[in-house]
Amino acid sequence: MSDKSTATIARLSTVDGAFHQHLDTLLDWEGVSDKAVQARVEEILADVKQRGDSAVVEATNRFDRLSVEGMEQLRLSPEQLKKAFDSLSAEQRNALSAAAERIKRYHERQKPNSWQYEEADGTVLGQKVTPLDRAGIYVPGGKAAYPSSVLMNAIPAHVAGVREIVMVVPTPDGVLNDLVLAAAHLAGVDYVFTIGGAQAVAALAYGTESVPRVDKIVGPGNIYVATAKRAVFGQVGIDMIAGPSEIMVVSDGQTDPDWLAMDLFSQAEHDEDAQAILVSWNAAHLDAVEASIERLLPTLEREEIARASLQRRGALILCQDQAEAIELINRIAPEHLELSVEAPNDWLDQIRHAGAIFMGRHTSEALGDYCAGPNHVLPTSGTARFSSPLGVYDFQKRSSIIHCSPDGASELGKIASVLARGESLTAHARSAEYRIND
Ligand SMILES: NC(=O)c1ccc[n+]([C@@H]2O[C@H](COP(=O)([O-])OP(=O)(O)OC[C@H]3O[C@@H](n4cnc5c(N)ncnc54)[C@H](O)[C@@H]3O)[C@@H](O)[C@H]2O)c1
Ligand SMILES: N[C@H](CO)Cc1c[nH]c[nH+]1
Ligand SMILES: [Zn+2]
């Protein structure tokens with residue numbers, strides 16, 4: 001591993017004896033959720049649960065540097081949202097509407113159907129899909145404003161048929177972002193509160209005098225948000241843990257190094273904790289990308305954040321060949337995977353774990369962040385091993401349907417009776433036996 005105090009980004013090689021240890025250290029984001037974060041989050045959750053609005057107001061004043069007196073100052077009216085939409089330039093309005101349209105079209109395809117089938121004896125079995133009554137969407141806002149995240153959270157909720165959508169978004173120093181408000185108007189959000197962090201998660205999970213309690217909280221956020229979501233799970237549903245953005249690019253050495261450097265920056269600029277990793281089996285190509293990084297980094301508006309992210313959690317990894325690159329993908333299970341290779345379709349079957357897969361040199365991850373159509377709320381920190389992108393299915397649940405005919409109940413009763421007596425649960429057995437015909 002190169003010396004982190006001088007290099008902008010670490011250079012690793014899979015043949016290095018300490019490679020796996022270095023990689024583990026690099027990937028460990030949950031490690032930043034130390035005892036101090038846990039303790040603070042627990043304290044905020046307990047306070048909001050007990051004192052409701054007053055605790056939310058105090059925490060918001062403290063962590064977002066505001067000085068409001070009551071919750072009414074932290075609620076945005078539908079008129080304010082519409083006004084923000086109307087105030088956009090035609091170019092911004094068109095871009096937001098085009099993105100919303102594409103996101104809606106993609107998510108319409110995810111809609112699951114209820115289904116039923118009838119057995120020979122007339123028994124009907126099935127599954128009924130029902131939208132959530134009320135969903136809470138967390139839109140991050142600490143270090144950047146995310147109108148695109150408003151669309152990505154709210155549109156699938158609408159497509160799913162959710163009755164009420166409650167959005168929370170922090171506004172540090174009281175700065176409102178018109179595009180965020182406009183996106184909430186466009187996506188038909190019902191309530192918007194300008195609160196963030198653990199206090200917003202708590203308000204959604206427990207409800208307060210002003211914030212309606214929701215059934216599920218979705219959306220990405222920083223370590224305070226992720227830790228709070230984890231803690232309230234059970235009280236409410238959560239979608240996944242979507243933490244700092246990540247990108248893993250695999251290059252065959254033929255993509256313009258400047259393109260790749262900018263693709264890495266595109267996620268590094270989100271957050272000092274964001275992660276950008278490039279893998280290639282071509283050492284000279286990695287040198288060229290490193291040179292592009294050094295040359296282009298000072299041209300970024302968010303140079304400081306991107307530099308910190310690359311220094312802390314970035315890496316250029318030299319692997320042996322394509323097969324080893326695939327092993328690394330499945331081990332890292334990245335949020336975003338860019339396959340910057342000649343024939344990406346040939347790789348697809350072997351990739352088991354990635355939140356979203358961007359195929360080919362022309363598909364920059366940034367297009368997925370805004371407008372390609374698939375959701376940009378994706379599992380991070382290796383959780384793509386067991387989680388999926390946010391989708392319509394996150395805003396719905398399923399109920400089983402069992403409708404026995406008299407003959408069906410009789411036949412099932414015989415089986416149930418035996419199994420229930422085997423468990424010594426005789427009330428179960430007798431309940432089933434009452435319905436046996438002979
Ligand atoms: N995975 C995705 O789909 C996705 C999408 C967009 C953004 N992101 C990520 O979401 C994250 C957003 O983080 P963010 O910080 O910009 O916004 P955020 O809204 O998640 O967090 C801001 C809030 O954190 C709380 N907070 C900050 N410091 C605190 C402290 N010391 N004590 C207690 N609370 C504190 C404050 O209440 C503040 O309102 C970034 O890491 C970004 O990369 C992920
Ligand atoms: N890359 C983020 C998801 O990790 C989403 C986003 C929003 N705006 C820009 N990027
Ligand atoms: Zn992004």
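Order of appearance sets the numbers: ligands from 1, and atoms from 1 within every ligand. What you see is a predicted model, and the numbers here were worked out from it, not measured in a lab.
Contacts between H270 and ligand 2, counted as non-hydrogen atom pairs separated by less than 4.0 Å, involve the side chain only. No part of Q267 comes within 4.0 Å of ligand 1, judged by heavy-atom distances. With a heavy-atom cut-off of 4.0 Å, M152 does not touch ligand 1 at all.
If you check each of S148, S266, A145, S245 against atom 7 (C) of ligand 2, the one with the closest non-hydrogen atom is S148. In this structure, of S245, G141, A36, P140, the residue bringing a heavy atom nearest to atom 12 (C) of ligand 1 is P140. Between Y138, Y146, F63, it is Y146 that holds the heavy atom closest to atom 7 (C) of ligand 1. Compare S148, P220, S149 by their heavy atoms: the one nearest to atom 44 (C) of ligand 1 is in P220.
Not a single heavy atom of A200 lies less than 4.0 angstrom from ligand 1. Residue-ligand proximity: H336 is placed with a non-hydrogen atom under 4.0 Å from ligand 2. Residue V377 places a heavy atom less than 4.0 Å from ligand 1.
Looking only at side-chain heavy atoms (C-beta outward), F265 and L310 come within less than 4.5 Å of each other. Annotation: side chain of V168 is not in contact with side chain of V201 (no heavy-atom distance under 4.5 Å). Here the side chains of Y191 and R75 are in contact, with some heavy-atom distance below 4.5 Å. By the 4.5 Å heavy-atom criterion applied to side chains, Q235 and Y206 are counted as neighbours.
Close approach to K143 involves these atoms of ligand 1, each under 4.0 Å from a residue heavy atom: 14 (P), 16 (O). If you number the atoms of ligand 1 from 1 as listed, the ones under 4.0 Å from a heavy atom of H376 come out as 2 (C), 3 (O). Every atom of ligand 1 is numbered from 1 in the order shown, and the set under 4.0 Å from a heavy atom of E335 is 1 (N), 2 (C), 3 (O). Here is the list of ligand 2 atoms found below 4.0 Å of a heavy atom in H376: 3 (C), 5 (C), 6 (C), 7 (C). Counting the atoms of ligand 1 from 1 in the order shown, those under 4.0 Å from a heavy atom of G221 are 10 (O), 11 (C), 20 (O). Taking a cut-off of under 4.0 Å to the non-hydrogen atoms of V225, the atoms of ligand 1 that pass are 20 (O). For ligand 1, the atoms closer than 4.0 angstrom to any heavy atom of L378 are 1 (N), 3 (O). Short contacts between ligand 1 and A242, defined as distances under 4.0 Å to a heavy atom of the residue, involve ligand atoms 1 (N). Within the listing of ligand 2, atoms 7 (C), 8 (N) sit less than 4.0 angstrom from a heavy atom of Y146. Here is the list of ligand 1 atoms found below 4.0 Å of a heavy atom in P170: 19 (O), 39 (O).
Under the 3.5 Å distance criterion, the side-chain polar atoms of D47 are left unmatched by any main-chain donor or acceptor of E43. Checking side-chain atoms of T194 against main-chain N and O of V169 turns up no donor-acceptor pair under 3.5 Å. Checking side-chain atoms of K229 against main-chain N and O of G219 turns up a donor-acceptor pair under 3.5 Å. Not one N or O on the side chain of H185 forms a donor-acceptor pair closer than 3.5 Å with the backbone of L81. Without hydrogens or angle criteria, H285 side chain to S251 main chain gives no donor-acceptor distance under 3.5 Å.
Atoms CD and CD, on Q275 and E246 in that order, are 5.5 Å from each other to the nearest 0.5 Å. The distance from the CG atom of L297 to the CD1 atom of I9 is 9.5 Å, given to the nearest 0.5 Å.
If you check which protein heavy atom lies closest to atom 9 (C) of ligand 2, you get Y370 OH, 3.2 Å. For atom 4 (O) of ligand 2, the closest non-hydrogen atom on the protein side is E335 OE2, 2.7 Å. Closest protein heavy atom to atom 1 (N) of ligand 2: Q267 OE1, 2.7 Å. Remark: minimum distance from atom 10 (N) of ligand 2 to any protein heavy atom is reached at D369 OD2, 2.9 Å.
Between the side chains of H353 and R331, not a single donor N or O lies within less than 3.5 Å of an accepting N or O. Side-chain contact, H403 with T123: no donor N or O sits under 3.5 Å from an acceptor N or O.
With D271 as the fixed residue, the salt bridge (Lys or Arg N to Asp or Glu O under 4.0 Å) test singles out one of R302, K143, R313: K143.
Between D271 and ligand 1, a contact under 3.5 Å exists for at least one N or O pair. Residue-to-ligand polar distances keep T380 apart from ligand 1: every N/O pair is separated by 3.5 Å or more.
Every residue was checked against the side chain to side chain donor-acceptor pair (under 3.5 Å) condition with Q50, not counting sequence neighbours, and none meets it.
Excluding waters, the protein N/O/S atoms found under 2.8 Å from the Zn ion (ligand 3) are H270 NE2, D369 OD2.
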